[in-house]
Amino acid sequence: MEIIQIVGLGLIATILILVVKEQKPLFAFVIATTAGIVIFMFVIGKIGAVIQVLERMAESSGMDEIHLKTILKIIGIAYIAEFGAQIVRDAGQESIASKIELAGKVLILVLAVPIISIIIETVMKLLPV
């Protein structure tokens, strides 16, 4: 059960941070960031398995590969922006974290425009004129 390892790592990191934070706040931040990266590395392999399943489903349904890649990029941007914003938030920089989230949302919107236009075109073809 990997979740037990992840939660255990999170609890150990939290205890270390609480002990170290008073004397060395910078070191506490490094511990938090390192723990976050290690947890992210734990789950990145699982993301690869999900991507393979999605690729097989897209292939069998006849979906264009470019659309699947765009959707996967959108998901990646969302995860990376959230991860980065949380690290910056842990450092106490709420305003920068908000800017990272805004940048992620804008990039997602830019990538989503072609897919949205395809959806609108499909709906328009289905509607009687």
Side-chain angles (χ1 to χ4, degrees):
M1 296 275 270
E2 292 154 345
I3 190 65
I4 294 172
Q5 292 173 326
I6 292 169
V7 171
L9 174 64
L11 290 173
I12 291 169
T14 301
I15 292 168
L16 285 172
I17 290 166
L18 291 173
V19 169
V20 172
K21 192 173 190 175
E22 296 295 320
Q23 302 298 320
K24 303 273 185 180
L26 182 61
F27 191 62
F29 173 72
V30 170
I31 293 171
T33 303
T34 303
I37 291 170
V38 169
I39 290 170
F40 187 72
M41 297 307 281
F42 262 111
V43 297
I44 199 101
K46 301 300 179 192
I47 293 171
V50 170
I51 289 171
Q52 288 177 349
V53 170
L54 291 174
E55 286 174 342
R56 281 196 305 264
M57 288 174 54
E59 186 178 305
S60 66
S61 71
M63 180 179 172
D64 286 339
E65 187 177 323
I66 189 77
H67 299 317
L68 177 63
K69 286 186 178 189
T70 302
I71 291 169
L72 292 175
K73 284 179 186 178
I74 289 170
I75 293 168
I77 289 170
Y79 281 131
I80 291 168
E82 176 67 20
F83 184 72
Q86 288 300 327
I87 288 174
V88 172
R89 223 175 244 115
D90 287 347
Q93 298 299 315
E94 181 67 36
S95 64
I96 295 174
S98 297
K99 305 307 183 284
I100 291 172
E101 289 172 342
L102 176 64
K105 290 173 186 175
V106 169
L107 291 172
I108 287 170
L109 181 62
V110 168
L111 285 175
V113 168
I115 294 173
I116 293 170
S117 66
I118 290 169
I119 292 170
I120 292 172
E121 288 174 12
T122 304
V123 169
M124 294 304 288
K125 288 178 186 175
L126 294 174
L127 293 176
V129 179

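Nothing fancy with the numbering, it's 1 onward along the sequence.
- Evaluation of the ring pair (Phe, Tyr, Trp, His ring centres under 6.0 Å) test over residues 96-127, restricted to residues two or more places apart or in two chains, returns none.
- Screening residues 104-124 for ring pair (Phe, Tyr, Trp, His ring centres under 6.0 Å) gives no qualifying pairs among residues at least two apart or on separate chains.
- Among residues two or more places apart in sequence or in another chain, the side chain to side chain contact (heavy atoms under 4.5 Å, CB included) test is passed with Ile12 by Leu16.
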Let me check something: any side-chain donor-acceptor pairs from residues 63-85 under 3.5 Å, sequence neighbours excluded? List them with distances.
residue	atom	partner	partner atom	Å
Glu65	OE2	Lys69	NZ	3.1
Thr70	OG1	Ile66	O	2.8
Glu82	OE2	Gln86	NE2	2.9

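- Partners of Ile120 according to the side chain to side chain contact (heavy atoms under 4.5 Å, CB included) rule, which considers only residues two or more places apart in sequence or in another chain, are Ile116, Met124.
- Applying the salt bridge (charged side-chain N to carboxylate O under 4.0 Å, His left out) test to every pair with at least one member in residues 92-118, sequence neighbours left out, gives these pairs: Arg89-Glu94, Arg89-Glu101.
- Listed by first then second residue, pairs satisfying ring pair (Phe, Tyr, Trp, His ring centres under 6.0 Å) with a partner in residues 3-25 number zero, not counting sequence neighbours.
- Listed by first and then second residue, the side-chain hydrogen bond (donor to acceptor under 3.5 Å, both in side chains) pairs that reach into residues 5-21 come to none, sequence neighbours excluded.
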Can you give each donor-acceptor pair under 3.5 Å made by side-chain atoms of residues 32-58, sequence neighbours left out, with the distance rounded to 0.1 Å?
residue	atom	partner	partner atom	Å
Thr33	OG1	Phe29	O	2.9
Thr34	OG1	Val30	O	2.8
Lys46	NZ	Glu2	OE1	3.4
Lys46	NZ	Glu2	OE2	3.3

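- The salt bridge (charged side-chain N to carboxylate O under 4.0 Å, His left out) contacts involving residues 109-125 comprise nothing, where partners must be two or more places apart or lie in separate chains.
- Applying the 4.5 Å side-chain rule to ILVMFWY residues, one finds Val88, Ile96 in the same cluster as Ile100.
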